[in-house]
Chemist: 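One structure follows; several queries about it will come next.
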2 protein chains.
Amino acid sequence: MTTLSRVRRRLLTVGPASRPRSLAFISSGMIAVQRGCLCMGIARSSNSVTLVDVAREAGVSLKTASRVLNREVSVSSSTLEKVQRAMAHLGYRPNELARGLKARKSATIGMVVKNLADPFAFNAVKAVQEVARVNGYIVILASSGWDPDVERSEVESLIRHQIEGLIISPVGSPKSNFLDIIPPDFHVVTLDQPMRKASFDSVMIDNRRSVRNAVQHLLEHGYERILALSTRPWLHTSVERIAGYRDAMRKAGLESRIALVEHESSITREWLDEVVLKQHKADAVITMNWVCTIAALRGLKHNDKRLRKDVAFVSFDDFDLADMIHPTVSAVRQPTEEFGYEAARLLIQRLKGTGPKTQQSIVLPTRFIARESCGCKPLNEDDARSPAKRVGLIAKRQ
Amino acid sequence: MTTLSRVRRRLLTVGPASRPRSLAFISSGMIAVQRGCLCMGIARSSNSVTLVDVAREAGVSLKTASRVLNREVSVSSSTLEKVQRAMAHLGYRPNELARGLKARKSATIGMVVKNLADPFAFNAVKAVQEVARVNGYIVILASSGWDPDVERSEVESLIRHQIEGLIISPVGSPKSNFLDIIPPDFHVVTLDQPMRKASFDSVMIDNRRSVRNAVQHLLEHGYERILALSTRPWLHTSVERIAGYRDAMRKAGLESRIALVEHESSITREWLDEVVLKQHKADAVITMNWVCTIAALRGLKHNDKRLRKDVAFVSFDDFDLADMIHPTVSAVRQPTEEFGYEAARLLIQRLKGTGPKTQQSIVLPTRFIARESCGCKPLNEDDARSPAKRVGLIAKRQ
DNA sequence: CTGAAAGCGCTAACAG
DNA sequence: CTGTTAGCGCTTTCAG
């Protein structure tokens with residue numbers, strides 16, 4: 001019998017503090033079987049072995065048991081062993097919630113993303129979870145679904161659950177606002193987007209430069225009627241990326257052609273036909289994000305437009321199987337897992353009090369993956385492979 | 001001044017219990033400003049407004065404030081309003097951890113997946129999180145990375161954090177074992193795979209039948225040297241799927257051709273060339289899971305093998321852009337979001353005590369999406385679209 | 001090196 | 001309808 005029930009132990013080892021309470025306790029919904037070998041707790045059934053029980057079993061005080069639990073040094077090896085044996089024997093499981101209540105730490109970090117189905121999000125989440133685990137933290141995951149109200153209430157919920165820090169990829173809409181519910185010196189790391197009017201740590205890329213470089217690449221191939229395609233143009237990332245596009249076009253003395261839609265559902269075959277092909281007579285298209293890419297790719301295909309032959313194509317955001325589409329799709333690759341990795345590292349540094357006290361802004365490098373759709377012949381097969389090859393991999397560091 | 005600090009309130013309203021402790025408290029790292037309008041908590045800075053504070057501010061007892069917090073009915077509208085105003089004024093934030101300690105519920109469910117980068121996993125997680133949110137639960141996410149030991153320790157960690165229920169897609173390896181650390185009447189729902197020697201609720205598909213149907217489809221196209229390709233053949237899902245393959249082949253009086261590898265990294269171009277093409281002279285390939293598909297697709301492409309022309313192809317697991325590869329890839333589609341949705345529904349029903357008491361096993365339907373790689377002309381464009389179109393969508397029900 | 005006592009922020013039992 | 005009292009399971013002073 002490894003897991004003696006609470007009642008059993010209470011009955012058997014009344015101990016020094018057998019106050020009236022014991023009786024009241026027993027009468028309130030427990031069954032005590034006399035035979036002494038089988039006891040069932042009905043009320044608080046599962047796993048109610050507490051540190052008190054451990055201490056009693058080991059014949060030490062509660063505090064001593066607590067010391068063992070917390071690996072404090074000042075415990076003689078004999079008591080240490082006694083307590084550990086008691087823990088094992090009883091099948092003791094510390095209650096992290098109770099632990100956190102007094103100690104004011106929950107060993108929990110919160111993470112909020114916009115859409116888990118976006119490769120950016122799940123790769124980041126994956127890395128965050130991995131780093132958190134190694135450092136003894138768990139992560140509560142929430143998803144805003146691009147809704148500022150949901151975002152706000154999710155953050156609120158996380159705070160109520162006493163997260164020690166927050167990693168968030170903010171919706172970033174003008175209406176998005178949760179700064180007022182963040183406690184003053186709370187640790188927050190933003191991903192992908194910065195927060196207006198806030199000075200949180202952040203992990204981002206140089207959106208503007210990344211797009212500028214990509215557009216320059218298209219220009220070098222001789223395309224001139226390059227069209228930038230973006231959803232949610234009010235997003236900080238969109239704004240920056242479009243600025244990068246403009247930079248490159250302006251420098252080349254060419255007219256900017258920009259097609260913006262609020263939501264990817266607007267990017268239909270007909271719309272592409274009308275706007276991209278008829279209106280702008282684009283000879284190349286560069287998308288500003290993943291959903292855009294998927295929508296445009298699908299729409300163009302159904303238009304019987306062949307990538308590169310009729311219109312060159314560059315995607316912002318690389319994706320699985322970009323190297324399997326014909327022609328293979330050139331893309332700006334963000335280091336999605338690194339995002340999560342760095343964010344978690346920043347946050348945990350803060351929580352542990354190691355690392356710098358000043359605001360940290362990490363800017364991660366992107367890479368232009370030249371495949372065929374931009375007009376190139378891919379040179380390095382490894383580079384050209386889509387992110388799929390990294391499935392299951394997390395950069396191991398630290 | 002909406003957020004008065006704890007010290008301030010302690011100093012101003014000493015109340016009945018002004019024990020020596022108060023002094024010690026103040027001396028240990030707080031700054032009290034005399035002017036009476038500005039106070040800063042240094043020690044326990046953020047958000048330490050408690051229900052006691054609210055009660056005091058509202059001039060009611062702790063319990064009454066608690067009643068308001070819990071929306072209990074027996075509160076007069078005048079006190080209700082008083083308390084609510086006090087809460088708003090103080091910027092009160094309930095501590096869910098403390099709440100859970102006494103009430104023995106954490107409003108938290110745990111979820112463990114094998115690999116978050118797998119479309120199956122993130123779609124399921126997404127749905128679980130959504131359903132949990134709507135029902136007032138938060139979800140702690142963990143990932144086993146296919147490692148039984150990690151899986152076990154993650155489950156252990158979740159239990160320590162007092163999750164009320166667990167949704168897990170088990171590693172399912174022979175060494176995988178965490179049953180002994182699950183408390184007796186704990187609520188668990190398994191996803192994708194069942195647990196040996198356990199009678200948890202589960203959400204699965206009919207793997208055997210799904211594959212049998214797909215193979216039969218290939219047979220109807222006249223292929224005879226159909227090869228089944230699988231990783232991790234010891235997995236329950238793999239076993240079932242391979243059984244389905246055998247069923248169909250046997251029924252057709254054809255020889256089964258099965259190529260198994262432990263890990264997808266074995267599926268190289270050379271390996272495919274040797275095993276699939278030279279050794280088996282396969283005229284069709286059916287993969288048994290997503291990683292297999294990606295690896296095989298990539299390997300075949302680099303072999304200058306054209307899908308359908310040289311070898312037909314069916315993928316178990318549909319994927320984004322399956323309709324963008326040339327030829328488009330036929331696939332067995334699992335309802336990935338439904339998995340999560342149903343699992344969460346089952347679990348929350350259990351937690352709330354609604355719904356049946358007996359073990360529930362939900363078997364979700366799959367669909368064969370006939371595109372071109374199996375030899376078909378796709379009929380319905382909508383069906384043929386890859387799952388990408390569903391980005392951002394969650395089935396709203398209940 | 002060890003223990004007793006006092007809570008963390010909240011809910012629950014039981015009176016009024 | 002409201003308040004009092006006793007904890008949830010743990011950590012934390014502060015004494016030995």
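In what follows, every chain begins at residue 1, and chains take the letters A, B, ... in the order their sequences are listed. Worth saying up front: this structure is predicted, and the values here are computed from it rather than measured.
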Chemist: Under 4.0 Å between a side-chain N/O of B:N95 and OP1 or OP2 of C:dC8, yes or no?
Modeler: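 Result: no.
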
Chemist: Main chain of A:Q360, side chain of A:D201: is a donor-acceptor contact present, judged purely on distance under 3.5 Å?
Modeler: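 The answer is yes, because a donor-acceptor pair under 3.5 Å joins these two groups.
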
Chemist: Please compare B:R67 and B:E96 by the position of their nearest nucleotide in DNA chain C and report the one closer to 5'.
Modeler: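 Per heavy-atom nearest nucleotide, the more 5' residue is B:E96.
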
Chemist: Would you say C:dT11 has OP1 or OP2 under 4.0 Å from some side-chain N or O of B:R99?
Modeler: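 It does, given that an N or O in the side chain of B:R99 lies less than 4.0 Å from OP1 or OP2 of C:dT11.
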
Chemist: Please report, rounded to the nearest Å, how far the P atom of D:dG7 is from the CG atom of B:L51.
Modeler: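 Going from CG in B:L51 over to P in D:dG7 covers 20 Å.
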
Chemist: Can you say whether a donor on the side chain of B:K63 sits under 3.5 Å from an acceptor on the base of C:dA12, or the other way round?
Modeler: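 Indeed, a donor on one side and an acceptor on the other fall under 3.5 Å apart.
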
Chemist: Would you indicate, yes or no, if D:dT2 has its OP1 or OP2 atom less than 4.0 angstrom from a side-chain nitrogen or oxygen of B:S61?
Modeler: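 B:S61 to D:dT2 OP1/OP2: no side-chain N or O under 4.0 Å.
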
Chemist: Short question: side chain of A:N135, backbone of A:Y137 - any donor-acceptor pair under 3.5 Å?
Modeler: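 Side chain of A:N135 to backbone of A:Y137: no pair is present.
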
Chemist: Is there a side-chain contact between B:S66 and the phosphate of C:dC10, meaning an N or O under 4.0 Å from OP1 or OP2?
Modeler: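 For C:dC10, OP1/OP2 do not have a side-chain N/O of B:S66 under 4.0 Å.
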
Chemist: Quick check for you: among C:dG3, D:dG9, D:dC1, whose closest atom lies nearest to any side-chain atom of B:S76?
Modeler: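 Looking only at side-chain atoms, B:S76 lies closest to D:dC1.
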
Chemist: Pick base, sugar-phosphate or nothing for B:L97, based on heavy-atom distances below 4.0 Å to the nucleic acid.
Modeler: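 No contact.
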
Chemist: OP1 or OP2 of C:dA12 sitting under 4.0 Å from any side-chain N/O of B:R104?
Modeler: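 No, no such contact exists.
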
Chemist: On the nucleotide C:dT2, are OP1 or OP2 found under 4.0 Å from the side-chain N or O atoms that A:T79 carries?
Modeler: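 Yes, such a contact exists.
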
